[in-house]
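These numbers come from the heavy atoms of this one structure, side chains and all, not from hydrogens, waters or symmetry mates. If you read the sequence from its start, that first residue is 1, and numbering goes on from there.
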Amino acid sequence: MIKIDCYLPSPILNKGMLFPESLGRYKNFPNHGERRNAGLLKEYNLHIIFAGKGVIVHDGKEIELTPGMGFLFDKHTTQQYRTKPEDPWDVRWIHFDGQDVDSLLQGRSIHEPYLFSLHRPERLKPLMEEMLQLAQAYRHDYDVRISSLLYEVLLEIVHHSHQFLEPLPAAPSMRGFVIRRNIFVCIVGTCSI
């Protein structure tokens, strides 16, 4: 059984730097699960399953997660998930925040959790492992490397995953916000509408 929780101080170069607040790994830990009310977690919450199985509860439905799948919750949202005790997951997780995260994620997790399947899950394991090792032996001179690893993980998800649960359509006023945000992103050259 492996249960690793690392909590990091704010980086010295904190001016909007994308950085984990905490990260870790749970393997063969049959009681792992969370049920958070809206507003409780102030960071984004990313989990990626590398072995075993788990469940996320969304709109009252249980959705099974298997190796190569993951989920991303927006800040301040209701969250409920757990491992399957009969086949506990090997899951890597990161709670993170930073400036312009919504733009980087291209709208993923804004209204609904982003539930995804990775095209190349083997790419993320060494990135997340290195980030965890640096966090366990943390020094402030690791800040830039930890941040760059987090960027790489998120970009792999953005460019090499597909959503397996379609989000509900946004309310008309929110839909306008999303369209305007996407137009802005296109102007700066990072979107493909």
Side-chain angles (χ1 to χ4, degrees), residues 1-5 7 20-98 101-121 124-125 128 150 153-182:
M1 180 166 57
I2 296 172
K3 182 178 186 280
I4 302 170
D5 297 312
Y7 295 86
E21 177 270 342
S22 56
L23 66 154
R25 177 183 183 196
Y26 292 169
K27 180 180 179 182
N28 296 323
F29 191 74
N31 297 324
H32 178 232
E34 295 290 343
R35 185 179 190 146
R36 295 186 179 101
N37 292 326
L40 187 62
L41 189 63
K42 295 178 174 91
E43 296 82 25
Y44 293 85
N45 181 4
L46 171 67
H47 280 59
I48 299 175
I49 295 91
F50 290 99
K53 294 180 182 172
V55 170
I56 183 171
V57 179
H58 178 64
D59 285 339
K61 298 178 192 133
E62 289 193 355
I63 301 162
E64 185 173 270
L65 303 168
T66 58
M69 294 178 163
F71 56 88
L72 175 66
F73 283 105
D74 200 352
K75 304 185 289 188
H76 308 289
T77 58
T78 300
Q79 304 176 9
Q80 186 176 355
Y81 54 89
R82 66 180 180 282
T83 192
K84 290 246 181 161
E86 65 276 7
D87 188 10
W89 59 19
D90 180 358
V91 66
R92 314 291 169 101
W93 59 270
I94 307 169
H95 296 171
F96 65 94
D97 202 0
V101 173
D102 288 338
S103 178
L104 174 70
L105 296 174
Q106 299 177 358
R108 289 163 178 83
S109 85
I110 287 180
H111 304 292
E112 302 283 327
Y114 179 61
L115 306 176
F116 58 89
S117 179
L118 293 160
H119 301 296
R120 306 179 321 181
L124 291 178
K125 194 178 231 179
M128 295 182 87
L150 180 53
V153 165
L154 295 177
L155 288 172
E156 278 288 327
I157 292 167
V158 167
H159 295 288
H160 301 288
S161 72
H162 69 272
Q163 186 168 7
F164 65 86
L165 178 69
E166 291 300 316
L168 298 173
S173 62
M174 289 304 292
R175 190 176 296 123
F177 170 78
V178 172
I179 289 170
R180 280 192 298 278
R181 191 180 65 71
N182 285 345

| Around Asn37, counting heavy atoms of other residues, nucleotides and ligands shown, do more than 12 lie under 6.0 Å from its CG? | no
| For Tyr114 and Gln163, which heavy atoms make the closest approach, and how far apart are they? | CE1-CB, 3.5 Å
| remark: Only one of Leu41, Thr78, Ile56 passes side chain to side chain contact (heavy atoms under 4.5 Å, CB included) with Phe73, and that residue is Ile56
| field | His119 versus Ser161, closest heavy-atom pair with distance | value | CD2-N, 3.3 Å
| field | Reported CG-to-NE2 distance for the pair Leu46 and His95, which is rounded to 0.5 angstrom | value | 9.0 Å
Under 3.5 Å, side-chain donor or acceptor atoms of residues 28-35 against the rest of the protein: list the pairs with distances, not counting sequence neighbours.
unit_1	atom_1	unit_2	atom_2	d
His32	ND1	Trp89	NE1	3.0

| said: If you apply the rule side chain to side chain donor-acceptor pair (under 3.5 Å), what do you find for His76 with Asp74, and how did you get there? | reply: CA-CA 7 Å; His76 308 289; Asp74 200 352; over 6 Å; no
| Given the rule in the side chain to side chain contact (heavy atoms under 4.5 Å, CB included) test, do Ile63 and Phe71 qualify, once you have shown the distances and angles that lead to the verdict? | CA-CA 11 Å; Ile63 301 162; Phe71 56 88; over 6 Å; no
| task | Drop me the distance from Lys75's NZ to Phe96's CZ, to the nearest 0.5 angstrom. | result | 10.0 Å
| Which of these, Asp90, Ile94, Leu118, sits in a side chain to side chain contact (heavy atoms under 4.5 Å, CB included) with Ile48? | Leu118
| field | Pair Arg82 + Glu62, salt bridge at N-O below 4.0 Å | value | yes
| task | Give the minimum heavy-atom separation between Trp93 and Arg25, together with the two atoms involved. | result | NE1-N, 3.6 Å
| field | Gap between atom CG of Asn45 and atom CZ of Arg36 - 0.5 Å precision | value | 5.5 Å
| query | What's the verdict on side chain to side chain contact (heavy atoms under 4.5 Å, CB included) for Leu104 and Leu155, showing C-alpha distance, side-chain angles and the deciding distance? | reply | CA-CA 8 Å; Leu104 174 70; Leu155 288 172; 3.6 Å; yes
| note | Rounded to the nearest 0.5 angstrom, the OH-OG1 distance for Tyr26 and Thr83 is 11.5 Å
| task | Hey, could you give me each pair passing salt bridge (charged side-chain N to carboxylate O under 4.0 Å, His left out) that has a residue in residues 38-56? Not counting sequence neighbours. | result | none
| request: Taking all heavy atoms of Pro67 and all of Ala51, pick out the closest pair and write down the distance. | output: CG-CA, 3.7 Å
| task | Of all the heavy-atom pairs spanning Met69 and Leu65, show the shortest one and how long it is. | result | SD-CA, 3.7 Å
| remark: d(Tyr7 OH, Glu21 CD) to nearest 0.5 Å is 7.0 Å
| request: Could you grab the distance from atom CG of Leu105 to atom OH of Tyr44, nearest 0.5 Å is fine? | output: 6.5 Å
